[in-house]
Amino acid sequence: MEIQLTARAAAEYDFLRDNTMTPAMAAEYLRDGRIALRTFSETLREQYIYPDLESRLVSSFRCYDTGVDDRSVARNVSNWVRGKSQPRRREDIFRICFSLDLTEAQANLLLGQCTEYGIHYREPRDVIYTWFLRNDRGYMEARDFFSSLPPAPRLTEYPAGCSAHITREVQSVFAGARNPEELRRVYLANLDKFGQLHVRAYRYFDKYLNILIHPDTGWDKSAAVEEYSLETIMERYLSLHMPSGRSRLRYSVVQKLVKQNWPNSTALKDIRAHREDVSRKLLLLLYIITENVVDDEYHEADEDYLSLQDRLEDHWWVLNAILIDCGMPTLDPRNAFDWLILYAMTADEDESMSERMSQVIDHLFADLQ
């Protein structure tokens with residue numbers, strides 16, 4: 001597994017690895033804007049280095065949606081290019097990729113940065129659009145082709161015998177289609193393998209959640225096993241002192257980024273019932289809260305002889321492997337929330353990762369208490 005960091009991201013990681021900050025200092029570092037936050041605009045300009053970026057996007061989007069107000073299109077694109085906002089809809093991100101003739105890898109990066117999931121090869125729209133992008137065909141052709149296909153079934157439970165190999169098999173068979181006619185045949189032959197259920201992420205979610213629902217009873221194995229409700233889990237474990245309430249009028253940029261899409265008990269219920277996908281933020285929080293201690297397997301990070309820097313390094317690779325397995329972007333030290341996750345991983349043996357993280361949140365949101 002190879003994870004490449006830019007110079008600025010590597011500098012942030014090394015700064016965290018030095019472990020010289022108290023929680024109050026970490027909160028101040030985030031609050032004062034000393035972290036070099038990565039923006040969608042920066043990523044976009046790295047992917048497309050030519051001066052006609054904005055005009056090319058505006059022209060393309062106007063062709064894609066002839067019924068949309070031209071001023072609205074220009075305003076949205078201008079906000080993206082200038083770093084005032086970023087697209088949230090996967091459709092818009094694919095449109096950007098087609099407009100700029102980006103590669104499959106670049107599309108995966110943009111999708112991951114904006115929507116928490118990269119290209120999902122068992123999601124019909126993703127796999128069809130990716131085929132047209134890979135074969136240097138246009139967005140309009142891809143959209144029309146996709147609209148002519150029958151919908152795939154919506155999965156509500158784990159498919160029998162489902163494994164990560166299915167995703168790779170689907171990815172491989174679609175890559176082998178040589179023209180739209182073959183693509184259609186491959187699609188129809190693999191309808192049963194599609195579904196909007198992100199199986200790997202759900203399995204990690206279930207594993208972590210089960211530990212929290214059924215807490216360890218300690219040495220007395222005969223004691224009655226207590227089962228926590230999702231409301232209790234949210235209050236006891238997942239709140240981490242995050243301020244409640246939806247209003248964010250007084251929030252700074254970093255405060256908004258950290259709090260954005262923070263899970264609640266309703267979200268936990270919807271995810272558990274497979275009505276929603278597992279969010280990347282929730283998966284990272286569950287890792288921190290459980291410290292990935294969910295089985296009896298050997299973990300090198302538990303060894304006393306390891307330094308805090310070595311433990312951080314071990315968690316870095318383990319958590320990134322989980323994210324890759326789930327089709328999510330790897331940890332980015334220039335992402336405010338990821339930075340906070342990495343800081344929590346520098347906790348020593350006298351405190352838990354979740355305690356360290358909640359202390360930072362206390363200081364970070366102190367002005368709103």
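By the 30° and 60° cut-offs, the orientation of the rings of Phe194 relative to Tyr187 is tilted.
Cation-pi geometry between Lys281 and Phe337 is met: the NZ or CZ atom falls under 6.0 Å from the ring centre, inside 45° of the normal. Cation-pi geometry between Arg184 and Phe145 is met: under 6.0 angstrom from the ring centre, within 45 degrees of the axis.
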**OP:** Report the C-alpha distance between Asp101 and Tyr48 in whole Å, list the side-chain angles of each, state the deciding distance to 0.1 Å, and finish with yes or no for side chain to side chain donor-acceptor pair (under 3.5 Å).
**Re:** CA-CA 9 Å; Asp101 292 327; Tyr48 187 84; over 6 Å; no
Original post:
Given Tyr117 and Asp126, is the side chain to side chain donor-acceptor pair (under 3.5 Å) satisfied, shown in steps?
Top reply: CA-CA 11 Å; Tyr117 281 95; Asp126 280 22; over 6 Å; no
Original post:
Hey, mind stepping through Arg90 and Glu123 against salt bridge (Lys or Arg N to Asp or Glu O under 4.0 Å) and telling me if it holds?
Top reply: CA-CA 12 Å; Arg90 295 177 73 82; Glu123 171 61 36; over 6 Å; no
Subject >> side chain to side chain donor-acceptor pair (under 3.5 Å) assessment of Ser252 paired with Arg31 >> reply: CA-CA 8 Å; Ser252 67; Arg31 186 175 55 247; over 6 Å; no
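Between Arg334 and Glu12 no salt bridge is recorded (no basic side-chain N to carboxylate O distance below 4.0 Å). No salt bridge links Glu169 with Lys193; every basic N to acidic carboxylate O contact stays at or beyond 4.0 Å. A salt bridge links Glu91 with Arg125: the closest approach of a Lys/Arg side-chain nitrogen to an acidic carboxylate oxygen falls below 4.0 angstrom. Looking at Asp338 and Arg38, no side-chain N of the basic residue comes within less than 4.0 Å of a carboxylate O on the acidic one, giving no salt bridge. Using a cutoff of 4.0 Å between basic side-chain nitrogens and carboxylate oxygens, Arg236 and Glu231 are not scored as salt-bridged.
Looking only at atom types and distance, the side chain of Arg134 has no donor-acceptor partner in the side chain of Thr130 under 3.5 Å away. Defined by atom type and a distance below 3.5 Å, a donor-acceptor pair is missing between the side-chain atoms of Gln113 and Asn335.
Sparse packing is recorded around CZ of Arg71, with 12 or fewer heavy atoms of other residues, nucleotides or ligands lying under 6.0 Å away. Dense packing is recorded around CZ of Arg137, with more than 12 heavy atoms of other residues, nucleotides or ligands lying under 6.0 Å away.
With Asn264 contributing its side chain and Thr266 its backbone, the two residues share a donor-acceptor pair below 3.5 Å. Looking at Thr290, its side chain does come within 3.5 Å of a backbone N or O of Leu286 through a donor-acceptor pair.
If you chain together hydrophobic residues whose side chains sit under 4.5 Å apart, Ile96 and Leu109 never meet in one group.
Distance check, rounded to the nearest 0.5 Å: OH of Tyr237 to CD1 of Ile211 gives 10.0 Å.
In this structure the side chain of Leu110 never reaches within 4.5 angstrom of the side chain of Thr115, judged on heavy atoms.
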